[in-house]
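To find a chain, count down the sequence lines: A is the first, B the second, and so on, and within it residues start at 1. Everything quoted here is computed from the prediction, not taken from an experiment.
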There are 2 protein chains.
Amino acid sequence: MVRTARFSAEHFIDAALALVAEGGPGAATMQAIARKVGAPTGSIYHRFESRSAILATAWNASYGSLARVLVPLLQAGRPREAALALLPWAGEDRHRARFLLLHEPVSLFEEAPPPEPLRQAMERLESEMDQAFRACVGLSGGGITREEDLARAKFLIFDAPIAILRPHLLADGDIPAFAGQMIAELHAGVPLAGSGLRTGSPHTA
Amino acid sequence: MVRTARFSAEHFIDAALALVAEGGPGAATMQAIARKVGAPTGSIYHRFESRSAILATAWNASYGSLARVLVPLLQAGRPREAALALLPWAGEDRHRARFLLLHEPVSLFEEAPPPEPLRQAMERLESEMDQAFRACVGLSGGGITREEDLARAKFLIFDAPIAILRPHLLADGDIPAFAGQMIAELHAGVPLAGSGLRTGSPHTA
DNA sequence: ATGCGAATAGATTGCTTGTTCTAGAATAAA
DNA sequence: TTTATTCTAGAACAAGCAATCTATTCGCAT
């Protein structure tokens, strides 16, 4: 090395994360990021090759942090705990939660796709979560899992908790205790495996 | 009038709706709308004073069409039917459903707010839906409704059905029958009024 | 037939964006 | 001290945007 860097990659990532969390993807312009950090716009390009690269890196950090919480619970066959774990994770870092849960990835990268290595890292993280999810649902079901069962499980573990969380993220308020109660009640009242025309014998192992 | 108009306001609205539904809010540029209709960009400004005005008009049309379905059901005290009614409404017009349910209004108007009369129309529609919703929840509860009960009802009637619908809208595929079953099961398994510490007498009128 | 006014038509303006470029400053090793 | 290299610094560039402007065309009322 030769010259001391005043601005680290993390500075830019945090600024981009905060800007998206507060004002949506459109608010995270290169100039806004630079201004928030106090750096000239050109300096960003010494750390990231493009705007997409910053956003993809921020997304990987956010999604990775969530995966580190959920994947172990899913692998342990605890879907209910996984669903509930979303709440403390969101309370831990509001910017991160708003960045990840309030904006579809497609809206972050609609202008230009992220560079290939970052795109692959995103896919790796998503498939890691997906595999843990399928293992969790598959082993409790005990065999072939229908598309319907997967959709139902995805709703109960991911989409419903996020939908319960969303209003409080949008309002930027604290997450009330009844949010957890709603998730718990949901899992108590609706079975993970389809309650469809299950004519089979309930006593079979 | 003096000259026959080749392009009506609806042409532009439909084009904007389709562009947002297919490619997100960023895809609905004035030039893209004009190109889709086959009109020069300047002609749009004879019908709408700004881009926000087109998007707001499209939003009003979409939300209004949904309100016409849901409000009567809510006013009749049929929350379960209202939740289920979302599915045929979405199946009726895919572009409209994707436009309304896949993008937060804030992302449509982040660059410039819509003109005042349109903004008021939007608020009127939202409050119409909200009043019907509160009437529906209030009368089944019978008295004071806590914030928790409102949140739970909003989830059961709006957010959960939308979350169940979203994957199929994103994939642009048909809405399978089990989506309706999931909503029905949800309403069967989770009560609209809080199942909390309801110590009161269940036999009281 | 004719001329007024609304609509088309699209080039143009002014602005913002992501990215690049040139110049200079700082630092660790030689 | 010198030198090589990485960073800061911000002006400059090209592209794309919403919105405006000038010119032209059309069709109904007169």
Does A:L150 offer a backbone N or O that forms a donor-acceptor pair with the side chain of A:R134 under 3.5 Å? no
Aromatic rings A:F12 and A:F48: how do their planes relate, parallel, tilted or perpendicular, breaks at 30° and 60°? perpendicular
Parallel, tilted or perpendicular: which describes the rings of B:F178 and B:H168, with under 30° parallel and over 60° perpendicular? perpendicular
Can you tell whether the side chains of B:R152 and B:E147 come within less than 4.0 Å, N to carboxylate O? no
Under 4.0 Å: is that the gap between some side-chain N or O of A:T4 and OP1 or OP2 of C:dT27? yes
Would you say a side-chain N or O of B:R6 is under 4.0 Å from OP1 or OP2 of D:dT25? no
In whole angstrom, give the distance that lies between atom [atom1] of [X] and atom [atom2] of [N].
{"X": "B:R35", "N": "D:dG16", "atom1": "CZ", "atom2": "C1'", "answer": "12 Å"}
{"X": "A:F7", "N": "D:dT6", "atom1": "CZ", "atom2": "P", "answer": "19 Å"}
{"X": "A:H46", "N": "C:dT27", "atom1": "NE2", "atom2": "C1'", "answer": "15 Å"}
{"X": "B:E110", "N": "D:dA18", "atom1": "CD", "atom2": "C1'", "answer": "15 Å"}
{"X": "B:H11", "N": "C:dA7", "atom1": "NE2", "atom2": "P", "answer": "15 Å"}

May I ask you to check whether B:S8 and B:H11 show a side-chain donor-acceptor distance below 3.5 Å? yes
With rounding to the nearest 0.5 angstrom, report the CD to CG distance, A:E128 to A:L125. 6.0 Å
Which pairs, protein N/O on one side and nucleotides 17-24 of chain C N/O on the other, fall under 3.5 Å?
{"unit_1": "C:dG18", "atom_1": "OP1", "unit_2": "A:R51", "atom_2": "NE", "d": "3.0"}
{"unit_1": "C:dG18", "atom_1": "OP2", "unit_2": "A:M30", "atom_2": "N", "d": "3.0"}
{"unit_1": "C:dT19", "atom_1": "OP2", "unit_2": "A:Y45", "atom_2": "OH", "d": "2.9"}
{"unit_1": "C:dT19", "atom_1": "OP2", "unit_2": "A:R51", "atom_2": "N", "d": "2.8"}
{"unit_1": "C:dT19", "atom_1": "O5'", "unit_2": "A:Y45", "atom_2": "OH", "d": "3.3"}
{"unit_1": "C:dG24", "atom_1": "N2", "unit_2": "A:R3", "atom_2": "NH1", "d": "3.4"}

